[in-house]
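Here's the structure we're looking at; comments come further down.
Remember, predicted model here, so these are calculated numbers, not experimental data. The figures here come from the full heavy-atom set of this structure, side chains too, leaving out hydrogens, waters and symmetry mates.
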Amino acid sequence: TLGIGLIRDDNSTVAINTAPDSSYMLKVKATDKYQLKVYGWSPNGSGDSAGAIQIGDTDAYCGRIYVDNTNTKLHIANTYNNGNGDIMFHTKTSGTTIDAVTIKGSGNVGIGTDDPGTQLHIDSGSGIGTVDNAYSLAIQGDGIDGIQILSDSAYSGRIIFGDQNSNNAGQIRYDHSTDAFRFFTNGTEKVSILSGGNVGIGTTSPNDKLDIYGNMRVRGSDGFGAN
């Protein structure tokens, strides 16, 4: 016994407030407080708001968890220098280990896959199709797949398209208050589909199944134009 609640056994394992365990060099038990507190220094600065833990002996091949003293950001780092320093989060279901989230050394993030093919790659394990890294988001599945947008009944769900000239150049909007689909180009609404099925082109309140405000042209063997 080295001190109150501190025990060291013959195999050089240390236990605090509990019996030593040969599977662990250090074992700590506490039922009313944190088991460990580390502070004073981090790779990004020293001070009482900083703290760091390194896993691995070689700086170029280790994992680090630290909080910097400047802005108290939490950092999780893989310092591997000779290849991709990936970070992986594992879960377990029915006794099977799952690669739940993978952050590649490139910055790509995979959910359900340990080899994300683009910036955010979500895969249910199907492997169907080929991911094109020209797109920032890829979703793969072996059944029904898609994106679900849930909004309050008084508001709308939206997909927005923008560029360097406009943050809101194009838009697909579903208004839950009126159950209407609305399509925008160049910042303004161009096509509306109301809850009853009326479609408006150039008008936001169509009164007929197809209500067109402006000229219309139908092309085939003949063509015509009318107001």
Side-chain angles (χ1 to χ4, degrees), residues 71 73-74 84 86-89 91 93 98-227:
N71 49 30
K73 290 182 178 179
L74 175 66
N84 290 328
D86 302 342
I87 296 174
M88 303 184 72
F89 296 86
T91 59
T93 178
I98 304 298
D99 296 331
V101 178
T102 299
I103 304 175
K104 299 293 287 183
S106 63
N108 288 353
V109 177
I111 299 176
T113 174
D114 61 2
D115 188 24
T118 192
Q119 286 183 288
L120 178 57
H121 181 181
I122 303 171
D123 190 355
S124 65
S126 66
I128 292 174
T130 301
V131 172
D132 188 340
N133 62 13
Y135 303 103
S136 300
L137 171 64
I139 301 175
Q140 286 182 305
D142 53 6
I144 296 174
D145 245 309
I147 299 173
Q148 185 178 31
I149 301 175
L150 301 175
S151 306
D152 188 276
S153 60
Y155 296 91
S156 61
R158 307 180 183 190
I159 299 176
I160 308 298
F161 304 88
D163 54 35
Q164 66 269 34
N165 299 314
S166 173
N167 292 329
N168 192 20
Q171 183 181 144
I172 300 173
R173 177 193 298 181
Y174 188 88
D175 285 328
H176 292 276
S177 60
T178 59
D179 285 321
F181 246 126
R182 305 186 184 278
F183 299 84
F184 293 68
T185 62
N186 198 26
T188 59
E189 187 173 342
K190 300 298 194 303
V191 178
S192 306
I193 305 175
L194 303 189
S195 60
N198 287 0
V199 177
I201 301 176
T203 175
T204 61
S205 54
N207 294 315
D208 298 287
K209 287 301 180 182
L210 179 59
D211 192 344
I212 299 174
Y213 183 80
N215 294 335
M216 181 182 73
R217 174 174 290 183
V218 178
R219 294 195 176 211
S221 57
D222 296 308
F224 67 92
N227 291 326

Does the plane of the ring in His176 sit parallel, tilted or perpendicular to the ring in Tyr174? Use 30° and 60° as the thresholds. perpendicular
Taking atom types as modelled, is there a side-chain donor on Lys104 or Thr102 under 3.5 Å from an acceptor on the other? no
Scanning both residues in full, the closest heavy-atom pair of Val131 with Ala138 reads CG1-CB, 3.7 Å
With a 6.0 Å cut-off (strictly less than), is the heavy-atom count around CD1 of Ile149, excluding the residue itself, greater than 12? yes
For residues Ser177 and Ala154, report the shortest heavy-atom separation together with the two atoms involved. CB-O, 4.3 Å
Assess whether atom CZ of Phe183 is packed by more than 12 heavy atoms of other residues, nucleotides or ligands within 6.0 Å. yes
Within a radius of less than 6.0 Å around CG of Asn167, do more than 12 heavy atoms belonging to other residues, nucleotides or ligands occur? no
Is it true that Asp175 and Tyr155 share a donor-acceptor pair across their side chains at a distance under 3.5 Å? no
If you take all heavy atoms of Ser151 and Ser156, which pair is closest and at what distance? OG-O, 3.4 Å
Of all heavy-atom pairs linking Pro206 and Ser192, the shortest is CG-O, 4.4 Å
Contacts of type salt bridge (charged side-chain N to carboxylate O under 4.0 Å, His left out), residue Asp99, not counting sequence neighbours: none
side-chain hydrogen bond (donor to acceptor under 3.5 Å, both in side chains) filter on Gln119, not counting sequence neighbours, yields Ser136
Looking at His121 and Thr113, what are the two nearest heavy atoms and their distance? O-CG2, 3.7 Å
Asn186 atom CG, neighbour heavy-atom count above 12 within 6.0 Å: no
Listed partners of Leu74 passing side chain to side chain contact (heavy atoms under 4.5 Å, CB included), at least two apart: Ile65, Val67
Taking all non-hydrogen atoms of both residues, which atom of Asp142 and which atom of Ile128 are closest, and how far apart? CA-CD1, 3.6 Å
